[in-house]
> 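The structure's right below; bear with me while I get my questions together.
In listed order, ligands and their atoms are each counted from 1. This is a predicted model, so every value here is computed, not measured. The figures here come from the full heavy-atom set of this structure, side chains too, leaving out hydrogens, waters and symmetry mates.
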Amino acid sequence: MSDGADIKPWRAVALTLFPEMFPGTLGQSLAGQALEDGLWSMDTVDIRSFATDKHRTVDDTPFGGGVGMVMRPDIVDRAVCDAKAGSAGDLPLIYMTPRGRPLTQARVRELAEGPGVAVLCGRYEGVDQRVLDAHGAEEVSVGDYVLSGGELAALIMIDACVRLIPGVMGSDLSHAEESFEEGLLEYPLYTRPQDWEGRTVPDILLSGHHAKIRAWRHEQAEAITRERRPDMWEAYEAAKRDEN
Ligand code: SAM
């Protein structure tokens, strides 16, 4: 019988020009404790260490003209091959980019249930397309805005995955009612004091009537989703129609 010692922890490998940015915020709080406890691991591959010239160049000007610089395919390829030969051999390669598919809780859940992720962090204007194609990289965005580099985006994605690893958060039940889990945003939350500067807690939450509280929270979640995220609301209504 296995005592669990042969089960590999969930792994994150970041391919980056700034390895010192990892684990960054993920070295703190619950993710940091879980990292220390060996529930997940974080490695980095320094892309610049695969440069071959004396200036350790990793980028060049874009063919076709235009502003900025592009990360060279030959250098990035060496970094990816090195990662694959090491701890990232069985991990999906994800390139963080604003033009990628938006990261969703559903994709995060899939990634968290797998062996981990190898994350390629872009800098400058991005990475030469050929090396992304050659390695079948999945392109993922963390939102419709442009960051200065992929490292923060990678930390966001890894954070979202790590908190779903069993044992990282106090209670796995706490995921069930979170935003996106039921296709809805979360209902409003309240804690003590019951009266804060004249602002009181909705009476229903003090009633002790669990079924009514559940119904109220559900109504609130629906109202917030309808108002703030028409795209999610439409999908939620369509799913409900399909169920009936
Ligand atoms: N030229 C790119 C474009 O217009 O899509 C933006 C490049 S950005 C300045 C540099 C790097 O930051 C990208 O290669 C990517 O790795 C990362 N990045 C920026 N915004 C991101 C986002 N919203 N999601 C994921 N990665 C992002």
> Check Tyr95 against ligand 1 and report side chain, backbone, both or neither, counting heavy atoms closer than 4.0 Å.
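It is the side chain that touches ligand 1; the backbone stays farther off.
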> Using distance alone, determine whether Gly143 and ligand 1 share an N or O pair under 3.5 Å.
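Yes; the residue has a nitrogen or oxygen that sits under 3.5 Å from a nitrogen or oxygen of the ligand.
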> Atom 9 (C) of ligand 1: which protein heavy atom is closest, and how many Å away?
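Result: Leu147 O, 3.2 Å.
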> Using a distance-only test with no angle check, is there a side-chain donor-acceptor pair under 3.5 angstrom linking Thr16 and Glu151?
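Yes - a donor-acceptor pair under 3.5 Å links their side chains.
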> Return the residue, atom name and 0.1 Å-rounded distance of the protein heavy atom closest to atom 25 (C) of ligand 1.
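Nearest protein contact, heavy atoms only, for atom 25 (C) of ligand 1 is Thr97 N, 3.3 Å.
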> Between Lys240 and Glu222, is there a side-chain N and carboxylate O pair less than 4.0 Å apart?
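Yes, Lys240 and Glu222 are salt-bridged.
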> Does Leu152 come within less than 4.0 Å of ligand 1, judged by its heavy atoms?
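Contact absent.
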> I'd like to check which ligand 1 atoms, numbered from 1 as shown, lie under 4.0 Å from a non-hydrogen atom of Ala153.
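Within the 4.0 Å cut-off of Ala153, ligand 1 contributes 25 (C), 26 (N).
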> Are any of the side-chain heavy atoms of Arg130 and Asp133 separated by less than 4.5 Å?
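SC-SC contact between Arg130 and Asp133 ruled out.
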> Quick check: does Leu120 get an N/O under 3.5 Å from an N/O on ligand 1?
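No; every N/O pair is 3.5 Å or more apart.
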> Check whether any side-chain heavy atom of His135 sits under 4.5 Å from a side-chain heavy atom of Lys84, and report yes or no.
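Yes, their side chains come closer than 4.5 Å.
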> Which atoms from ligand 1 have a heavy atom of Val140 less than 4.0 Å away?
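Ligand 1 atoms under the 4.0 Å threshold to Val140: 25 (C).
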> So, are Asp90 and Arg11 salt-bridged, with charged N and O less than 4.0 Å apart?
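A salt bridge is present here (some side-chain N lies under 4.0 Å from a carboxylate O).
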> Under 6.0 Å from the CG atom of Asp203, do we count more than 12 heavy atoms belonging to anything else shown?
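No.
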> Output the list of atoms in ligand 1 that are nearer than 4.0 Å to some heavy atom of Val146, sorted by atom number.
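The atoms of ligand 1 under 4.0 Å from a heavy atom of Val146 are 6 (C), 8 (S), 9 (C), 20 (N).
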> Please determine whether a side-chain nitrogen of the Lys or Arg among Arg109 and Glu181 lies less than 4.0 Å from a carboxylate oxygen of the Asp or Glu.
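Yes, Arg109 and Glu181 are salt-bridged.
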> Considering only NZ, NE, NH1 and NH2 on the basic side and carboxylate oxygens on the acidic side, decide whether Glu237 and Arg226 come within less than 4.0 Å.
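No, no charged N to carboxylate O under 4.0 Å.
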> Out of Gly150, Ser148, Cys121, Ala154, who is nearest to atom 17 (C) of ligand 1 when you count heavy atoms only?
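It is Gly150 whose heavy atom sits nearest to atom 17 (C) of ligand 1.
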> Quick check on Arg99 - does any of its heavy atoms sit under 4.0 Å from an atom of ligand 1?
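Per 4.0 Å heavy-atom rule, Arg99 does not contact ligand 1.
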> Give me the nearest non-hydrogen protein atom to atom 23 (N) of ligand 1 as residue plus atom name, then the distance to 0.1 Å.
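Nearest neighbour among protein heavy atoms for atom 23 (N) of ligand 1, to 0.1 Å: Tyr145 O, 2.8 Å.
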> Do protein heavy atoms approach atom 4 (O) of ligand 1 to less than 4.0 Å?
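It does not: no protein heavy atom is found less than 4.0 Å away from atom 4 (O) of ligand 1.
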> Side-chain heavy atoms nearer than 4.5 Å, only ILVMFWY residues, links allowed to pass through others: does that put Leu120 and Leu147 together?
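Both belong to a single hydrophobic cluster.
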> Salt bridge check: are Arg101 and Glu139 linked by an N-O gap of less than 4.0 Å?
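Result for this pair is no, no salt bridge flagged.
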> Step through the shown structure and confirm whether more than 12 heavy atoms of other residues, nucleotides or ligands are within 6.0 Å of CZ on Arg192.
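Not buried by this count: 12 neighbours or fewer within 6.0 Å.
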> Find all atoms of ligand 1 within a distance of less than 4.0 Å from any non-hydrogen atom belonging to Gly126, and give their numbers and elements.
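So the atoms of ligand 1 that pass are 14 (O).
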> Indicate, as side chain, backbone, both or neither, the part of Pro98 found under 4.0 angstrom from ligand 1 when only non-hydrogen atoms are considered.
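Pro98 to ligand 1: contacts from backbone and side chain alike.
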> Identify the protein heavy atom lying closest to atom 10 (C) of ligand 1, giving its residue, its atom name and the separation to 0.1 Å.
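Sorting protein heavy atoms by distance from atom 10 (C) of ligand 1 puts Tyr124 O, 3.3 Å first.
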> How far is atom 11 (C) of ligand 1 from the closest protein heavy atom, and which atom is that?
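Residue, atom and distance for the closest contact: Gly122 O, 3.5 Å.
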> Mind checking whether Met96 and Ile156 sit in one hydrophobic cluster, side chains of I, L, V, M, F, W, Y counted as touching below 4.5 Å?
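Yes, it is one cluster - the side chains of Met96 and Ile156 are joined through contacts under 4.5 Å.
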> Taking the side chain as C-beta and beyond, is there a heavy-atom pair between Val70 and Asp60 under 4.5 Å?
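No, side chains not in contact.
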> Give me the residue, atom name and distance of the protein heavy atom closest to atom 2 (C) of ligand 1.
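The protein heavy atom lying closest is Glu125 O, 3.4 Å.
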> Considering heavy atoms of the protein only, find what lies nearest to atom 15 (C) of ligand 1 and give residue, atom and distance to 0.1 Å.
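Here the closest protein heavy atom is Met96 O, 3.0 Å.
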> Who's the nearest protein heavy-atom neighbour of atom 24 (N) of ligand 1, and how far?
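Its nearest protein heavy-atom neighbour is Val142 N, 3.1 Å.
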> Mark up the atoms of ligand 1 that fall under 4.0 Å of a heavy atom belonging to Ser141, in ascending order.
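Those qualifying, in numeric order: 23 (N), 24 (N), 25 (C).
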> What part of Asp144, side chain from CB on, backbone N/CA/C/O, both or neither, has a heavy atom under 4.0 Å from ligand 1?
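Asp144 to ligand 1: no contact under 4.0 Å from either part.
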